[in-house]
Structures are given as structure tokens and as C-alpha cells.
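Remember, it's a predicted structure, so these values are computed and weren't measured experimentally. Convention: sequence-line order gives letters A, B, ...; per-chain numbering from 1.
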2 protein chains.
Amino acid sequence: MYICPMYTSELIKGTLKTIILNLLKNRDKMYGYEITQTVKEMTNGKIKITEGALYPTLHSLEKKGDIGFEKEYIGKRVRKYYSLTEQGQNTAQEKVNEFADFIETMKYLLDIDIKPSNA
Amino acid sequence: MYICPMYTSELIKGTLKTIILNLLKNRDKMYGYEITQTVKEMTNGKIKITEGALYPTLHSLEKKGDIGFEKEYIGKRVRKYYSLTEQGQNTAQEKVNEFADFIETMKYLLDIDIKPSNA
DNA sequence: CAAATATACATAAGAATCTTAGGTAAACAA
DNA sequence: TTGTTTACCTAAGATTCTTATGTATATTTG
């Protein structure tokens, strides 16, 4: 049985906010646990967001005004559904643009030739 | 006059070792200050490696056996020329491969369509 | 030639971001 | 009913960076 290797935590460091904001941009509203599961599934387990990293980041994004939330009860259990504020929409776009640019720079710096994406 | 914006330090975090090891793979031997200047030039100032980050990283890579150095005197001033060990050659390749894979994963996750590199 | 800038190394305090470990509690599967 | 999954949370510690500082030589500029 093949176990998909995770990336070293160094690499993922710094991309968490970008990932969260972009997911919320595409999906309108999500709750924390859903974010961790979605990222795990979309990356085949290569990126696993730990809860110890996720929740403080969500609280930080909320404090800065990029996201807001509303509680929803599933039986007696609570979910906090987060969504982008207007400011957050801009932040999300900026973050993604910056990362896309960063990728190009790093590709050049590391002399990586990227296989054309399955278009 | 247009000032090229630097990336937020979050993004660069975690890629420093990869950048250093890859440069040494392509250039055989380099000294610390040369690395900072080369990266700054190659990225048009978008990535600036600070000395406070560089030197501890070089020392760490040396302690782990990925790089070695020999001193060279330019007049009375010393340069420490670093180069990859055999182990470092492997580490360098692994780091670059991992980063290339990481880029692909992030492109998918962030739904970024990359313009074909100026080929 | 003096002063400022560039070269070249280094360390240390603090900030930011993560991992690891722990806690609470409800829902569901075995 | 016992374990796993869902769903939230915090805190200690590790890692990796920034910022500030130190030392010293070489070069450029006024």
C-alpha cells in the first residue's frame, strides 16, 4: 500500500491563510473542520491542516476583518460557518496573485520546467 | 520609478534551504554574501535573503553534512566558499522535486492557471 | 584624503507560524 | 458500550524568520 508523502511543514508554512481565504472565495461558506477535510481530500493527503494551526488562524483572520462567521446548530453540536467579508475578498485575491507570482519567480530561480497543466 | 514589491516574508519562509542548495548545485561553489546578491538580482529584488537568516541556515546545513566550505582570502578579508557534499547533492534534488510537486498541488488547490513560461 | 558605501562575516532578541499535546463534548458505528 | 468521527478550543514548545547590532576590510565619492 502506497502512502502519499506529506510535504515538509516548512513548505506549507506561510500558505495557510492563502489556502483558507481562497477556499472561502470559491465556496461561499465553510466551517473549520470542513476546511481541513477538503484540503486533505483535494491534495490526496499531501497537505494536512492541523487544528492547532487552523483555529488560531481563523481567529486571526476574523480579528483582522477578512472573515466573519455565523453559528449553526446540527442537533446539539455547533458549527461556525465562516465567509469572506468585502475586505476579505480583496485580501484573498491579493494573496492568490502574490502566490502565483511567487511560483513564477521560484520556477525561474530553481530552474524548474513545469509540465503543462492537464488542459 | 517603479519599485518591485517583495513577497511577504510568510511565503519565502521555508524555501530558503531549497534556494541555497539549488544554487550550489548549479554553481559549484558560492560564498554567503554572493548568494544574497545573486538571489536579489535573479528575482529583481522580489526575494531578499537577509544575513540574519542566511548565516544560521548555512551553519545548519553544514552541521547536517549537506554542505562544506573552504576559506579564501581576498587581501585580508575572508570568504567562506560553500559547496555541496555528496549527501547535499541528493538533498538538493529532493528539495527541488518536493517544491516542484508542491507548486503543482497548490496550483490545483488555488485554481491558478499558469501562463506558459516564456519558452 | 575623509567620509560614506559596499563587502563579508557573525550573533542575539523578538515575532510569526507552525507542531504536538492536551481538553471538551456530541454523534455514530462496531 | 466502546471506539471512531465530528467539531470546537488552547497552550507549550520548535522552527524559521526579521530586526538590530557588532566587527572589520575594501572601495567609491566628494
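Applying the ring-ring contact (aromatic ring centres under 6.0 Å, His included) test to residues at least two apart or on different chains, the pairs with a partner in residues 15-56 of chain A are A:Y31-A:Y81. Sorted by first and then second residue, the salt bridge (charged side-chain N to carboxylate O under 4.0 Å, His left out) pairs with a member in residues 80-93 of chain B form an empty list; sequence neighbours excluded.
Rounded to an integer number of Å, the gap from B:I35 CD1 to C:dT7 C1' is 15 Å. Between B:K29 atom NZ and C:dA8 atom C1' there is a gap of 16 Å when expressed in whole angstrom units. One can place CG of B:L11 at 15 Å from C1' of C:dC18, the figure rounded to the nearest angstrom. Between B:I20 atom CD1 and D:dC17 atom C1' there is a gap of 12 Å when expressed in whole angstrom units. Here C:dC9 presents its P atom at 13 Å from CD of B:E70, a figure rounded to the nearest Å. Between A:Y73 atom OH and C:dA27 atom C1' the separation is 16 Å, expressed in whole Å. A:K48 places its NZ atom 11 Å from the P atom of C:dT20, with the value rounded to the nearest Å. For the pair A:K71 NZ and C:dA26 C1', the interatomic distance rounds to 15 Å; values are reported in whole Å.
Open room surrounds CG on B:D28; 12 or fewer heavy atoms of other groups in view lie less than 6.0 Å from it.
Summary for the helix from C:dC1-D:dG30 to C:dA30-D:dT1: the axes at its two ends, each from 5 pairs, differ by 20° when rounded to the nearest 10 degrees.
With sequence neighbours left out, A:E51 forms a side chain to side chain donor-acceptor pair (under 3.5 Å) with no residue at all.
In the hydrophobic clustering of this structure, B:I35 does not group with B:V78; members are Ile, Leu, Val, Met, Phe, Trp, Tyr whose side-chain heavy atoms approach within less than 4.5 Å, directly or through other members.
For the side-chain hydrogen bond (donor to acceptor under 3.5 Å, both in side chains) test with B:N97, the passing option among B:E94, B:Q93, B:K95 is B:Q93; the others fail.
When only modelled atom types and interatomic distance are considered, A:Y7 and A:T43 share no side-chain donor-acceptor pair under 3.5 Å.
One N or O on the side chain of A:T57 and one on the backbone of A:A53 form a donor-acceptor pair closer than 3.5 Å.
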Next item on the list: Between protein and nucleotides 6-15 of chain D, map the contacts as a letter string: B base, S sugar-phosphate only, - none, heavy atoms under 4.0 Å, written 5' to 3'.
Entry: BSBBBB---B
Hey, can you pull the donor-acceptor pairs under 3.5 Å for the side chains in residues 65-76 of chain A, sequence neighbours left out?
residue: A:D66; atom: OD1; partner: A:Q87; partner atom: NE2; Å: 3.0
residue: A:D66; atom: OD1; partner: A:T91; partner atom: OG1; Å: 2.7
residue: A:E72; atom: OE1; partner: A:K29; partner atom: NZ; Å: 3.4

